[in-house]
Every structure is written in C-alpha cells, then in structure tokens.
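Just the heavy atoms: all of them, side chains too, but no hydrogens, waters or symmetry mates, feed the values below. In what follows, chains carry the letters A, B, and so on, assigned in the order in which the sequence lines appear, proteins first and then strands, with residues in each chain numbered from 1. This is a predicted model, so every value here is computed, not measured.
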Number of protein chains: 4
Amino acid sequence: MTEPVSQPEPSQPEPSQATLNQPETFSQPETRPSDSPEPVSSLSATSNPDTIRVRAGFELHFDLPYPTPMLFVVEPTERPGQRILASRKRVVPDLPLSHSSSYVDMHGNTVWRILAPAGRLEVAHDLLMEVAAFKDPVLSDLSKTPVEALPSEVLHYLLPSRYVDSDLLGSEAWKLFGHIYGGWAQAQAVCDHLQTTLQYGAGSTSATSAREAYQSGYAVCRDFAHAGVAFCRALNLPARYVCGYLPDIAVPPDYRPMDFHAWFEVWLDGAWRTFDARHNFPRVGRILIATGRDASDVAFNTAFGSSVLAHMKVWADETEDTELPLLEAGYPRTPTEEGLRLSEAWQGRE
Amino acid sequence: MTEPVSQPEPSQPEPSQATLNQPETFSQPETRPSDSPEPVSSLSATSNPDTIRVRAGFELHFDLPYPTPMLFVVEPTERPGQRILASRKRVVPDLPLSHSSSYVDMHGNTVWRILAPAGRLEVAHDLLMEVAAFKDPVLSDLSKTPVEALPSEVLHYLLPSRYVDSDLLGSEAWKLFGHIYGGWAQAQAVCDHLQTTLQYGAGSTSATSAREAYQSGYAVCRDFAHAGVAFCRALNLPARYVCGYLPDIAVPPDYRPMDFHAWFEVWLDGAWRTFDARHNFPRVGRILIATGRDASDVAFNTAFGSSVLAHMKVWADETEDTELPLLEAGYPRTPTEEGLRLSEAWQGRE
Amino acid sequence: MTEPVSQPEPSQPEPSQATLNQPETFSQPETRPSDSPEPVSSLSATSNPDTIRVRAGFELHFDLPYPTPMLFVVEPTERPGQRILASRKRVVPDLPLSHSSSYVDMHGNTVWRILAPAGRLEVAHDLLMEVAAFKDPVLSDLSKTPVEALPSEVLHYLLPSRYVDSDLLGSEAWKLFGHIYGGWAQAQAVCDHLQTTLQYGAGSTSATSAREAYQSGYAVCRDFAHAGVAFCRALNLPARYVCGYLPDIAVPPDYRPMDFHAWFEVWLDGAWRTFDARHNFPRVGRILIATGRDASDVAFNTAFGSSVLAHMKVWADETEDTELPLLEAGYPRTPTEEGLRLSEAWQGRE
Amino acid sequence: MTEPVSQPEPSQPEPSQATLNQPETFSQPETRPSDSPEPVSSLSATSNPDTIRVRAGFELHFDLPYPTPMLFVVEPTERPGQRILASRKRVVPDLPLSHSSSYVDMHGNTVWRILAPAGRLEVAHDLLMEVAAFKDPVLSDLSKTPVEALPSEVLHYLLPSRYVDSDLLGSEAWKLFGHIYGGWAQAQAVCDHLQTTLQYGAGSTSATSAREAYQSGYAVCRDFAHAGVAFCRALNLPARYVCGYLPDIAVPPDYRPMDFHAWFEVWLDGAWRTFDARHNFPRVGRILIATGRDASDVAFNTAFGSSVLAHMKVWADETEDTELPLLEAGYPRTPTEEGLRLSEAWQGRE
C-alpha cells in the first residue's frame, strides 16, 4: 500500500511567479543571445526553447598489475541549469556488489569507489542531459563582496590549496589587478591576462601548481583554471575549480579527441559564476561534473596503486535524440584520422 | 586537456582481500540460500552470479488547479547492495530549467523539487538496477547495543516522530518484548507480533500514527512499518522508516497493481538491518529509495497546494535485459483484469 | 613554534562598512527602543551601549535507580545576537572521561551525552552572556516567501512532526488566517489568536501535541510554541521550535522559580524571526539554547531509563558583572517564600 | 514552564558496562603509566584519579592599519579525552554584536570570525580543561587498513594539500618505509626518521611545504607535522594536521615562551591516533584545538588584510584550581629573563 500524498490544502493558491530557490543560483541572461542555437525539445509533449540536449560520457580502460582501489569523480548531478534525462553506467568486469559503491564527498560531489581486480578494467558512462540553450552569462557589473559579508561556508575558498598556491601570487595579483574596481571586472581581468600571457600547450604535470604554470608560460585547461582560481583567491574573491564536459556548440568544430574540461567559478553577488580562462569567451552547453578546491579534490580518477590508462574516449555533443540510443549502437564515434589532421591544422581552438 | 591520473606508486601492492568500506553495511549471508533465483549477468563480459537485475519505476499523473510546488522522494541512489545501471526520467510538460531542481535532504535522500504549472502533470522514472540475488539476511544472534555505545548520529532514531508515537507505546513495548534477550530477537518478535495482531487492510489515513493503527487492528505497509519502528524505538533500538520498490521474486505472483512499499530498519551491531513487518519473511530484490524518521520525511509526493493523483503505475520486476528498452516500447504492462481477479482470489499476499 | 599568521596583503584596504555575514541573520531594529535598559559594558575598555550582559544557567539533580544514558540539550552556542563571555560546567559525581562527551546534532545543537552512575546526579551550568540590548524586532511588513522560493534546507520545517501535527490543523489554519496578507502578519495573527484562546496553565503532559493543547484550551510555554509552529507550517510558513533562557528584563519582576522557556521562529525574508505566543510582546535578552522540529528534538533532558528530577533551578538575570563570580559565591539565589507569594498574587505574567 | 523530561521506562535496566560511543575514539592505555602525575580532582565531590586539570589560553595583540576581517581557530571543543570545565573570552575593543560570530567549518572546528576595527586589537581566551592523566597511547601492533576498507569520509586525508605535497614524496616514502609491516609501525618509523634527519629550528616560512622543509633539514613543529602527514599519506595512511596546546607535564620545565603546538594524527584501526614527530615520545595533557588537512585549514589566525602581531602569550599548565581565577589575578605569568636563559641553556626540548 502506498505512501499517501501529503496535501496541505490552502484556501487560496500559492503565488507561483517565483522560480525554485536554488542553493547555487544559476543566473540566466535577461535576453537570449541571438546567436544561440535553436533547440527543439522532444522528450516531452511541449517543446522547451530554452534548453538543448547533450549526449555526454566517457570510456576509460586501465591496466592494473594488482587489485587496486580507485576513485572516479565523473558523475554529473542535477543542478540548476542541468538535468539528467537518462544515464547508463558500465563496468567490465562486473564487480561483486561489495567491490563498488559511491559516496558524496565534502564538496557535494558524487564519487564512485571501486576495488578493481588485476588486469584490464573498463569503465564507461553515457548521459543524456538537458542544459540551458544560452551562453555563459556575462554580468559585468557584479560587485565584489567584502570578506566580512561572505557566507561562512565559502571562506575556505579563499585559502591556498595543493595546486592553488595563492599565497605566493599575492603581490603579483594586487599589482596587476588591485586597482580594478568590481568583482566581475577583476575576475575577468584575471582571465584576460592569462589568455594573453599563457600559451596553450603541455608542459605541466600532475604536480604543477598555479604559480609554476604561470611562470612557465605554458598551460593546459587545468593550469588555466588553477591560475585563475589562485589570482582570484589572492584578491579575496572566493574561487573554486570545476571539472566537466564542454561540447563544441556554436564554435568551429574541433576534430581532435575530446577530453574532460576544467574551468572555474567565482563567488559574486551571492552565487558561483562561471569563468573559463582557457577559452575566455561565453560557451553553450557546459555540463558540470564536480567542484573542489583544486584538481586534487576532483581528479576524474585516483588510483591507489599503479595503473596505466590504456584508452580514453570522451564525448559531449548536442543531440536531437530524446533517449539514449541502445548500447548496440555504440558510443559516439571516435574522430577519424582525417578529422584529426584538419583539426590540428586549424589553430582556432587554442 | 585532461585532469591527470593521480597515481601514488607503492613499491608493494596494497592488500586487497577486503571489501570496500561502506558507510551503511549491507550484510550478506555467508551462504547463498538454495532457493534464490539463478541470475545471469549480461551487462558485462563476465557474469556475476550474486546479482540480479530489476527494472523498476513509476508513472504518476496529477491534476493541479493552480501552479503547485511539489516534492518527490522517489530516486534510489547507489548503496551497498544496489547499483544503478541505467535510468530515465520524464516530466510532461517539460519545465523551464528554473522550475525544477533536486537536493539532498538531511537524511541523505535525493529529493526532486518542481514548480508544476496548473493542469495535468506527468512524472515518470524508469530504472535498471543491479541488486543482490540473495534474500534479506537473517542474523538472529545480533545483540542489542546499549544506548551509551550507540554512535551519536543514530540517537535521534530513538526519539518519537510524527507517525511514530513511540513514547505512547513504551509500556506495551516493555510488557510484550522487554523480557526478550538480544537485539535481532527483540525486533523480530515485534514483527511477529504485528503479523499476528494486525490485519492487512485499509483503514488508516495519511494522519494515522503507529499507535492508532496498532489499536485499530488494521494496517497497510506504511502502518506496519510505523508500528515496527515505534516498538523498536520504545525498546531503545534505533529504527528508521524505509520506502522503496519490492519486486515479486521467489514468491507467488501478485497480479494486483503494484505500489511503492514501506519497511523499516533497525540499527544492530553497527549497521542498519532490514525488517518488514508487513511480509515478515526474507525477500529478494528490495530497492531502497529513501529512509527517514517516518512517512512524513519520505512521502513519495508532497504537494504544497491541492492536487489530485489521477493515475499511478509502479513497476519492479526481475529482468534479463542489460539495458533499459527504448521508451517506444512503453513502460511495463499494466495488470490485466484477469490477472487482477486471480490475484485477489489468492489471499497469500496478506 | 607557532602557526604563522596568514596575511594576504592587499594594496588597498578592504571595504568594511558591511557586517559579518551570518548564516542565521539576526535583524536589529533600526532604532533602539526608548524603554530598553542602559547597559554598561565592563568586560572591555570601551563600553558597548548596544549590548547587555546576562548571567544564565541551571542546576539539576536526578535520582537514578540504575546507570542511565542521558542527553542534555542545554548549551547555548555563539550566534548572531549572543556571545559567550564565560562559562562553567559542573557534574557530580565526576565522570570518567569515557562516560561523557558531546556532539552536534543534525540541527546544529550541542548535545551533552553522559552515562550517569546509579544514585544522585548533579549537573550545573553557569554562563555569562552578552546579548543585544534591544527588544525582539518587530518587522510587520515582511512578506511571505512562496514555497518554491524557499531554500531547500528549510523545507522540512513545513512538515508535521511529533508534537506539531500541522496536518491536522490545516483547515483551521486556512479558515482563521488564510485571508491575511503578508508573512509576518500571518504569524503575528497566529500568536494573537493563541493568546486570546489559550489560558496559561498546566494540563498538558510530555505527550501533548499542538492540536491536543489547542483543543484543550490550556497551554504552557511548550504548548504555545507547538501550536504556533503548527499553524505556521499549515500555512506554508517554515517554523521551528526554540528553547532557551528568557530573563525578566523591562518587565515586572516574577518571583516564582524560573524555568527554561520555549518560543518559536518563522522563516521570513531569508531569516529566522522570533515569535513568542506565550508572552506575545517583544522581550529583551533571550538566550537561544537550541532549535528543532519540536520539543522531542530539544528536550533539555532525555533519559534512557527511569530517572527522577529531584531538584531544578534555572536562572537568567541581567548583571553588571564582567566575569562569572567564583563558585564559592554560589549560584544565584533561590526565590524567597515571600517573593513567591507576591509573584503569585501578581497575575501579570500569564 | 519546563520542557518535560522524556523518560522511556524500561522494565529492566539497560546494561551499562559499556562506555559512550565516541565518533573519534580516544584509546586509553590498559595500564596507567607509573610516571604519570597524581592528579586530585576537586571540581566534584568525588575525585577522579584518571584526569588532571590544565589551565590553557592565550593573549594576542594585533595592530591593524584598516578595519580587517579575521578568523581565529583557537577554541578547543569537548572531545573524547578533553572536557571544558570553564572558559572565558575577551576581545578589546568590545565589538558590536554584528561584527563577531562563530561557525563550525567543514572539519568540525569552531572558527571565530570578527571584523576588527583599525588600531589595536586584543583577543584573549582562558580555559580550565579536564584531560586524561595518561600519556599518549602507544599501540604498536595496530595494523594498516587497506584503502578499500577505509571509511569514505577519511579518503580525502590521503590526497595532497597546500603544505602536504605528499605526491612529491611518494618515491622517498616507499623507499624508506615501504618495507615496514604494520600501520602504527610505519607511522612511528616516519616520526623516528624525521627526528633524526630534521633539526629543530626556524628556516621555514608560512609558505614552506612538507617537502621543502624536509629537504632543508630544518623544521619547527608545524614542519614536523606537515612532513609526518605527507609521508603517511604517501604510504596510503590517512593523516591529518592537529593544532593545540601542549603543557609541560612530566618533562623538564621549559622556561621559554610557550606557543601553540602542532602534531598530527593517523587513522589506524578505526580511529585517529596521535603522533608527534617534533617531540616523538608520549606526552601528557594535550588539548586539541582543531584538525585539518594542513596548516592552511587551521592557522590560529588568518587576517584578510595587513596585520602585525604585536604581542603573543600562550599558556598551558597543570593546575589544582577547580575554577578559573578571577581575571583580576591576571593571566599566567610571563616567563622571566632568568627562566628564559636557563631554558635556552637546557637543550632538552629540541
């Protein structure tokens, strides 16, 4: 027998003009940018012009010499601005129920935890998401909240962390950006500066801190994010590292293999605001997986023992599908050799 | 560019005979009961004889005179003993992103929160789960933990709550069960007593407390669970209410329309243990949706305003499918008239 | 060697006109009421005209036939509007360290947890607090937040609980108060109604719910609070039960033995607001101990076993002391027989 | 009117041989070391030979050019093994209630948060604590918990953090300690190694990481703790940084000015265990203030703006007092010039 429906019965209807209160406000621009795509909603009877659907996921293969405990921070959850319509998870070999579980970490991220047997481990995730059809909001006038007016729970995003040695970038930060008035303006100036002074390219390792990457002049998306977070924290702007999927929507196609992406968020006017020092212009379709102090909190994989990443495929593409295709259709196609060649020729992404 | 894999490299492998530490231990019986089904695992290359797959879900239609804020506590999460292989969610009409979100409540349950427009609202959820192939463990020797040795975070499960007026059942509890030695034995005696003294059948409303149902002599699964929780709390056994899906596996088929099910858990020997005063024998395939103090915490739907539940379908069936079928195949079939007639003739379920 | 001082060094000072962000905003009236006392601050070199000092505490004696696990919810913590300047705790007999501890419950209250030996147990607490010199704010214009705009973490304060059977008072609530416009106005109307319909006086027991007390026509402070909370929840106003100390400041003296007090809070305009259906006019000097769904969460004492409360003394008085007097001075004086007689003659308090 | 005492009435007494369950187990040695002091308990009628009393506290003066937001992590809370009998807090100038508050951070530490005016700020805290009369337990046989069996909530204490660059010390860790069998043995070997390879002495700054201090050969208590934590994390032993008070009990007196102390804890056999690479032998009387990933989480003071620490006094001494002396008696005496000279002559502390 069912749980009964609990129904307070007001003699007058509740006002309903407001939207749901959301712990982490997602600010939508007042007007829809003219260059955003025209999505058609199909999962429902009525179409929703303000959202698009994105199929995102990954396939990872590891070779493990010994049984190895592993963590995966890869699962997006529902948040303001992103809904999960369908999902599928696949682990080969199938693990005993006692060898896999998941938990929510101190930042609110879902973490998969497995004890993988020795040998080849395959982990795959496939998602159909509904996300905003709009570009990242640009709210240039947002002011800076003085430290004393910040909520207590964001204060620790002002402190240095493993890859965010903001304490060592304080002088540089105040020299370069201290004179800029306004919170958004300061964070944007940080991004602009990183865009012009850092060249996209490998050079960093998993041990590289924000200051080290900044001084080297080379950065991948992780380093761009760490440096952005570090300068913001040095300026007393709470900032956190974000990892997620970023589909190529409303930008020239990039045929190179896709990867997870990293960006960052700054606490301004009572909400976390999206900044991306790597691309540094508003994008459509971000799917946020997890947030943390820096990459040590939200590495997509942490293996407690030796492991070799033998294969990695990531996808995140706009789709008109209203469901996940059956698995026999396979995961989205791997880029062709030709596509890769074309893509590398086009330097636009960097 | 990707988050790098963090790889501490031990010069010697970690021991790996242990299973994952799980915050809420799921105790498996030492030996597999001979009458449990023989599942064949198919989602993975290797088959896992210890698990079965269950397709579970629901379809709910509401008629709303006004825009209405609603909560749904319906989403199972990964826990020891249950894995989500695939899921699909559907809301019609499609809501603006700002009118739906989800959050994790103080008990760790995922709650969907929507602002529904006036008119017809359809909400559906469809899951492919992997669960243990074994029956609920019976661990008759588990002792009772003295109150002073209980972890602080379970102490509030000793206090009365809206539908669990354990303070009013204290004398009855100690008179009936106070002489029984052992924690499991005491909780089992409570279930046995409720089985023999309560007749399955409507009579209760959404306002009925444990004591009221107990005194009426009639109970549905919700009342059985409340009464079980109430007697246990009165006996200083921490107890909580559980709602979830219960497929008909290894029991005579029940052709009547399925519903969500309610049972309860008792904290014994460091873990929450499953008891079901309604059925009162070990079952296979439970899918836990949520836990709380009582039904007020975990009603599958709470509407802040008038609402009429116009249609309700719930399913939870063992399956050999390795994926969710495409939606065009429809949700699992509604029971036929014939099936219903047969089922009602068979009184075994009560 | 010390932890070094971490010092981000801004090249320009932070603005500092704002006040500290406080998770539970304490709203101060714009102007200081003319009839509030003129405190003199003495603990510090400069005097602070906006605060007074209050000495508060209790002495409880229990007789226990057996060793008994006990919980005490009696410790105020620092909150917006109240500071702890000094404190002293005393338990006789002295317990082994392993027989006492404290923890923070799910509502953020500090709970003392002890395993008391058989025999006489004495527990005492003595506090010197600094609190606002102003009366409870009256903010009559605060509007009602629609359910969909409430933060997720206050939603559970809309649900019924053990002593707050708001689901059973829904019709009465909407009939009496549904037509009133405004959130503060609605909550105040609830208090006014309870003041005129409930007579102060015993009659309730520890099992009495809001509806039962309301229907009986008699109420003590606990019942007033439960009824206020119940009507507010029925009206979709999040409400919670509060226990604390209430000194007699700026009111005629009450010579009867003091007790802990109970009042309630309503979530309005983004903060918890104080209402007191028992007194129903703004008071000075409240010291909040704990908040919860109802009295089951925050009973000052819960004993898991038989216990007899043999002696109880509670104090909460404005003081000019800048420190707690040494214990040899004793706890504040017990009311005299004469004082009691006078006080009972004066019916003003009820 | 009072909250009633909630009294479940068992017909048989609860067993009471067990001790209170404590979230962070404090393990006491089976036998009391023969050289521990003979405390006399005085706060209570009966004396408790297993505890001593310690008066601890600090006085800090800052000079601030501008109004400055500040955090203080200085308040011990009740924990297994330490009780607060009395406390006194003093801030000069007295701040408006809106300019000070406190909150509990993500690690469970109490943090004072103030907005200090420009000029001189004085902050003082004075505590009378009851702590175990025994030395830090030595439990040499405790085994190492495999990563897969660790509770999820301690996993993040395996990851690197700002001052604990354990990822860079992995090879060194496994080379030096990988062959050692047993968890306690491994952590103790880390401490022994640091004792012999690091010389006590300044050299580090607030920016120095574990690896940097280790390579420099010089360390203060903070560096000893960071290095201990780093090596343990590299070895897959969850470890956290601890700050607190450490009185000179059962050790030769040290007349130099006292400071806060730092040590660390390792998760072994289901509890956090105390290690102190700086002193590296069991001590009596530790008062734990806070724990965190490293010093960035628990700096005793963090100022968001320029600040000069003009004066610092810390005390932590065994006492026979049963109450805090009145403030007019002053805080414990500052060391004399003579004492300092004697103390520096004696090199035993390093």
So, taking the atom named OG1 in Thr322(B) and the one named CG in Leu327(A), what distance separates them when rounded to the nearest 0.5 Å?
7.5 Å
Distance alone, cut at 3.5 Å: any donor-acceptor contact between the side chains of Ser101(B) and Arg79(A)?
no
Is there a side-chain contact between Glu130(A) and Lys89(B) in this structure, where contact means two heavy atoms from C-beta onward sitting under 4.5 Å apart?
no
Heavy-atom distance under 4.5 Å between the side chains of Glu323(A) and Arg90(B), does that happen here?
no
Under a 4.5 Å cut-off applied to non-hydrogen side-chain atoms, are Thr51(A) and Leu97(B) in contact?
yes
Go through Glu78(A), Gln82(A), Glu122(A) and name the one with the most non-hydrogen pairs under 4.5 angstrom from chain B.
Glu78(A)
Per-residue tally against chain B (heavy atom, under 4.5 Å) across Ser87(A), Pro117(A), Pro96(A) peaks at Ser87(A)
Whatever's closer than 4.5 Å to a heavy atom in chain A on Glu328(B) counts as backbone
Checking heavy atoms, do the side chain of Leu71(B), its backbone, both or neither come under 4.5 Å from chain A?
neither
State, with a plain yes or no, whether a side-chain heavy atom of Arg83(B) is found less than 4.5 Å away from one of Asp94(A).
yes
Part of Val131(B) lying under 4.5 Å from any heavy atom of chain A
backbone
If you define the side chain from C-beta out and look only at heavy atoms, does anything of Leu326(A) sit under 4.5 Å from Leu326(B)?
yes
